[in-house]
Amino acid sequence: MVKCDIKDKSLAPKGKLRIEWADNQMPVLKMIRERFAKEKPLAGKKMSCCLHVTTETANLIRTLKEGGADIVLCASNPLSTQDDVAASLVMDYGVPVYAIKGEDRDTYYKHLLAAIEHGPDMTQDDGCDLVGLLHKNYSDTYLKNVIGGTEETTTGVIRLKSMEKDNALKIPIVAVNESDTKHLFDNRYGTGQSTLDGLLRATNILLAGKNFVVCGYGWCGKGLAMRAKGMGANVTVTEVDPIKAIEAVMEGFRVMKLEDAMSIADIIITVTGDLNVIDEKHIKLAKDGVVIANSGHFNDEINITAIDALSASKRTVRDFVEEYTMKDGRMLFLLAEGRLLNLSAAEGHPAVVMDMSFANQALGAEYIVRNAGTMDSKVYLLPVEVDQEIARLKLASMGISIDVLTEEQVTYLSSWQSGT
Ligand code: NAI
């Protein structure tokens, strides 16, 4: 019997079909899985993985397992689990999973603990909750055996870098998010499309002609703004970084302070990784009927306590849609409890893009095993050669060939003497 805490094992057949559907769109990961099956680079390694339990993650877990790893998987967010996928991982692939969509805070932490009690040699994290907990409560016990880990997202990398700065980080971490084949595609095109998918599935509203505000013009924000514009919305960007703000201006977006955008905004989505981006002062200025959501990692970007305090009543009007009636009579709609919209109300990023992210995860795990003992307790990037190889394999899987430098061009580009 595989140990687990999931919603319903009978959902496994549906989950298996969906995992296979995603696998068809993950050729790079499949190639890595085939190599891992022969070479077993992770043989004997216990891994605790804290990731969004999606179809794409299931294919990553299958890859790590083929590589010889002994894995326990828990959710990296209370709302992002796909219960049928969790069931299939347990029933069809024999992977212990601790994840239930909609789990409360206590259950979320109980599941993290189950992953920690697996006694990992390695970790895979998305948002640094697992590694953070290991450092906070288990530094004298479970953390000691960990040779390293990988981190999937921007917010997790920011936390880990801050741990490194404070000399608090005790294990090497490969920051998968920093690979070009991760953030340039997953954060931009993945979040861009899947956040709109979550918005549309939750609300079924028309985007054309709407005033759509994107808070944060980083990799995720760029993708979201671009796709919302493509569907006919009038997009406004808010930023705190002057360079990102100019980029948004030159891309043709309106840029202003969030306070100034509130009275016109029909839809506001945060993707900053920051705290209380939509705060009490903004909520007071919000247009009647505004839809508010977040696609950043934590549900900290919208001050929900302030919304509660300013409202007279609330009710759930659709799945993932909370309708607030404010004390002054205005209506406000909050989606997915302020948790990442794309993974709560839709299925997260399409498999095609997660193919590259999870190729980085699999190769990151292999890198840690290969370099164990020589790595310091720091945040590492995967070597650029690995990044380029993933891109090469992805292009090949798309049937696209590109030019290669001639000997003459190599010499020219590396010389300061040639040319006129
Ligand atoms: P990034 O660092 O590229 O961009 C964040 C941007 O937000 C920066 O330009 C920053 O200046 C801006 N910002 C910070 N505070 C702000 C404020 N108060 N108002 C306006 N702008 C502000 O980060 P990235 O990669 O775009 O990620 C953003 C968040 O999304 C992170 O929490 C990340 O973990 C998460 N993420 C979510 C995904 C999903 O599937 N929903 C996928 C990938 C990342």
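Read the numbers this way: they start at 1 and go in the same order the structure lists the ligands and their atoms. Residue numbers count from 1 along this sequence.
Side chain to side chain, His52 and Ser80 meet the donor-acceptor criterion of an N or O pair below 3.5 Å. Side-chain N/O atoms of Thr270 and Asn294 include a donor and acceptor closer than 3.5 Å.
For atom 41 (N) of ligand 1, the candidate residues are Ala248, Cys128, Ser295; the nearest heavy-atom contact is made by Ser295.
Scanning all protein heavy atoms for the shortest distance to atom 9 (O) of ligand 1 gives Glu239 OE2, 2.6 Å. For atom 31 (C) of ligand 1, the nearest protein heavy atom (residue, atom name, distance) is Thr155 OG1, 3.3 Å. For atom 1 (P) of ligand 1, the nearest non-hydrogen atom of the protein is Gly218 CA, 3.9 Å.
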Working for side chain to side chain donor-acceptor pair (under 3.5 Å), residues Asn360 and Thr181: CA-CA 8 Å; Asn360 277 284; Thr181 48; 2.9 Å; yes
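Every atom of ligand 1 with a heavy atom of Leu340 under 4.0 Å away is listed here by number and element: 41 (N). Close approach of ligand 1 to Thr238 is summarised as follows: ligand atoms under 4.0 Å from at least one heavy atom of the residue are 20 (C), 21 (N). For ligand 1, the atoms closer than 4.0 angstrom to any heavy atom of Thr153 are 33 (C), 34 (O), 35 (C), 36 (N), 43 (C), 44 (C). Close contacts of ligand 1 with Asp241, meaning ligand atoms under 4.0 Å from a residue heavy atom, involve 11 (O). In summary, the atoms of ligand 1 found under 4.0 Å from a heavy atom of Asn187, numbered by their order in the structure, are 25 (O), 43 (C), 44 (C). Under a 4.0 Å criterion applied to the non-hydrogen atoms of Val271, ligand 1 contributes the atoms 5 (C), 28 (C).
The existence of a salt bridge linking Asp140 and Lys144 is excluded, since no basic side-chain nitrogen approaches an acidic carboxylate oxygen closer than 4.0 Å.
Residue Lys182 has no nitrogen or oxygen atom sitting less than 3.5 Å from a nitrogen or oxygen atom of ligand 1, judged on distance alone. Between Trp219 and ligand 1, at least one pair of N/O atoms sits closer than 3.5 Å. Not a single N or O atom of Gly296, backbone or side chain, sits closer than 3.5 Å to an N or O atom of ligand 1.
Judged purely by atom type and a 3.5 angstrom limit, Asn342 has no side-chain atom pairing as donor or acceptor with the backbone of Thr191. Judged by distance alone, with hydrogens and angles left aside, the side-chain atoms of Ser162 form no donor-acceptor pair with the main-chain N or O of Ile158 at under 3.5 Å. The closest donor-acceptor contact from the side chain of Asn371 to the backbone of Tyr367 lies under 3.5 Å.
Heavy atoms from both the backbone and the side chain of Thr154 come within less than 4.0 Å of ligand 1. Within the 4.0 Å heavy-atom criterion, both parts of Thr272, backbone and side chain, lie near ligand 1. Residue contacts with ligand 1 for His297 involve both N, CA, C or O and side-chain atoms from C-beta outward (heavy atoms, distance under 4.0 Å). Contacts between Asp274 and ligand 1 below 4.0 angstrom, taking non-hydrogen atoms only, involve the side chain exclusively. When heavy-atom distances to ligand 1 are checked against a 4.0 Å cut-off, His349 comes that close only through its side chain, counted from C-beta outward.
No more than 12 heavy atoms of other residues, nucleotides or ligands shown are found within 6.0 angstrom of CD on Gln193. Atom CD1 of Ile400 has more than 12 neighbouring heavy atoms from other residues, nucleotides or ligands inside a 6.0 Å radius.
Both cation-pi conditions hold for Lys378 and Tyr380: the charged atom is under 6.0 angstrom from the six-membered ring centre and inside a 45 degree cone around its axis. A cation-pi geometry, defined here as NZ or CZ lying under 6.0 Å from the six-membered ring centre and within 45° of its normal, does not hold between Lys110 and Tyr98.
Under a 4.0 Å heavy-atom criterion, His183 is not in contact with ligand 1. The shell of residues lying under 4.0 angstrom from ligand 1, judged by heavy atoms, excludes Gly348.
For the side-chain hydrogen bond (donor to acceptor under 3.5 Å, both in side chains) with Gln82, the lone residue among Lys14, Arg18, Glu56 that qualifies is Arg18.
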